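Structure record follows, encoded as structure tokens.
Within every chain, numbering begins at 1; the chains are lettered A, B, ... in the order of the sequence lines, protein sequences first and strands thereafter. As the structure is a computational prediction, the values presented were derived from the model and not from experiment.
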2 protein chains.
Amino acid sequence: MDGEAIKRSLEERGLRCTPQRYAVMAFLMEQNSHPTAAETFEAVNRVDPRSSRATTYNNLRDLVKAGLVREVAVEGRAARYDAQGVRHHHFICDRCGEVEDVDWYEVRKPASRALGKRYVRECEVIFRGLCARCARRRSSR
Amino acid sequence: MDGEAIKRSLEERGLRCTPQRYAVMAFLMEQNSHPTAAETFEAVNRVDPRSSRATTYNNLRDLVKAGLVREVAVEGRAARYDAQGVRHHHFICDRCGEVEDVDWYEVRKPASRALGKRYVRECEVIFRGLCARCARRRSSR
DNA sequence: TCTCAGATTAGATATATTCCAAATAGTTCA
DNA sequence: TGAACTATTTGGAATATATCTAATCTGAGA
């Protein structure tokens, strides 16, 4: 997605395309490491120091509300964000805590008895175990 | 699980059964609402005001490390805990944020290509959508 | 009972996030 | 163009969450 496309997708959802907001969106789109708010703030200001901490938080909140960014469900103190178009599952390493992406695939839903009157929009999987690096270290000892 | 059983399971993992630790464990076991550390602290002290905030945090950390309690993966700032013996998936309501349990069932793993050299111990599903209450409110308007 | 590693404590500190009220910058429209 | 309106940004204060510290205490084995 190029600059114009980002601008359009912001405006489609009633958000002005400000330099600060654009920078947050563009940064998140090029990352696949699920940055925290603090990392986003730092990265955005390294390029062009025009954004305040509060603005970064405001923009993250607004982008999530607009559906352009999602907050990743992981344990841990700081929220992590993800603006990649393609949906994916997550793998969390028991040992080093790294969060990695796993290609999306549809997951079988449980018996409807278990879901009751809930409406399920999506099923995300969190895989847990050892990441490639930790698995290697573990087995070589 | 009764009191003796809790005591035994703590000691099996090398943790002393102190009143404070016992209280945290017993409280978490009887909840299915994934309490936060603050809620745990408050509940435990409502019954018997002998536990400090730091101790509650220490005990939660120790119990997680010992494998008796697990930290639930959800968005949001405060960590949530769960000491139920039976493993389960989670449902998070898009609208009200409520986290509910869904009976455990095994999930198909993706093609091994997608997992690479990772070792997968478990696959937890996070369902998202509308909880029964929110689904009802939504459709009746 | 004595001993001491493990556990607890209050309070300080660190980290993450939100709030606030004032200033600024897009947008609309006359 | 520029007045008026509103969304956005800002720094700093406030709040929420979590961890650290150093002193003290306690429970379980000898």
Query - Residue among B:T36, B:V24, B:V72, B:L60 satisfying side chain to side chain contact (heavy atoms under 4.5 Å, CB included) with B:Y81 - result: B:L60
Under 4.0 Å from OP1 or OP2 of [N]: is there any side-chain N or O of [X] that close?
| X | N | value |
| --- | --- | --- |
| B:N58 | D:dA18 | no |
| B:T18 | C:dT8 | yes |
| B:Y57 | D:dA18 | yes |

Which is true for [X] with a 4.0 Å heavy-atom rule: it touches a base, it touches only sugar-phosphate, or it touches nothing?
| X | result |
| --- | --- |
| B:R53 | nothing |
| B:T55 | base |
| B:T36 | nothing |

[X] [atom1] to [N] [atom2]: how many Å, rounded?
| X | N | atom1 | atom2 | answer |
| --- | --- | --- | --- | --- |
| B:F41 | D:dA16 | CZ | P | 15 Å |
| A:E42 | C:dT15 | CD | C1' | 15 Å |
| A:Y22 | C:dG26 | OH | P | 16 Å |
| A:E39 | C:dT17 | CD | C1' | 15 Å |
| B:K65 | C:dA7 | NZ | P | 10 Å |
| A:R21 | D:dT10 | CZ | C1' | 14 Å |
| A:N59 | C:dG26 | CG | C1' | 14 Å |
| A:M25 | D:dT8 | CE | C1' | 18 Å |

Query raised in the report: Are the charged groups of B:R108 and A:E106 less than 4.0 angstrom apart, N to O?
Result: no
Query raised in the report: Is any side-chain N of the basic residue among A:R16 and A:E11 closer than 4.0 Å to the acidic one's carboxylate O?
Result: no
Among [options], the nucleotide that comes nearest once only the side chain of [X] is considered:
| X | options | result |
| --- | --- | --- |
| A:Q20 | D:dA18, C:dG11, D:dT9 | D:dT9 |
| B:R16 | C:dA7, D:dT10, D:dA18 | C:dA7 |
| B:A78 | D:dT9, C:dT9, D:dA18 | D:dA18 |
| A:L15 | D:dT8, C:dT8, C:dC19 | D:dT8 |
| A:A79 | D:dC20, C:dT17, C:dT8 | C:dT17 |
| B:R77 | D:dA28, C:dA10, C:dT17 | C:dT17 |
| B:A54 | D:dT10, C:dT9, C:dA7 | C:dT9 |

Query raised in the report: With the 4.5 Å side-chain cut-off for hydrophobic clustering, are A:V102 and B:V125 part of the same group?
Result: yes
Query raised in the report: Where each residue is assigned the nucleotide of DNA chain D containing its nearest heavy atom, which of B:R61 and A:P19 is assigned the position nearer the 5′ end?
Result: A:P19
**Report entry** Heavy-atom side-chain contact between A:H89 and A:D103 under 4.5 Å
**Finding:** no
Report task. Decide whether a cation-pi geometry holds between B:R118 and A:F127; the criteria are a distance under 6.0 Å from NZ or CZ to the six-membered ring centre and an angle within 45° of the ring axis. Result -> no
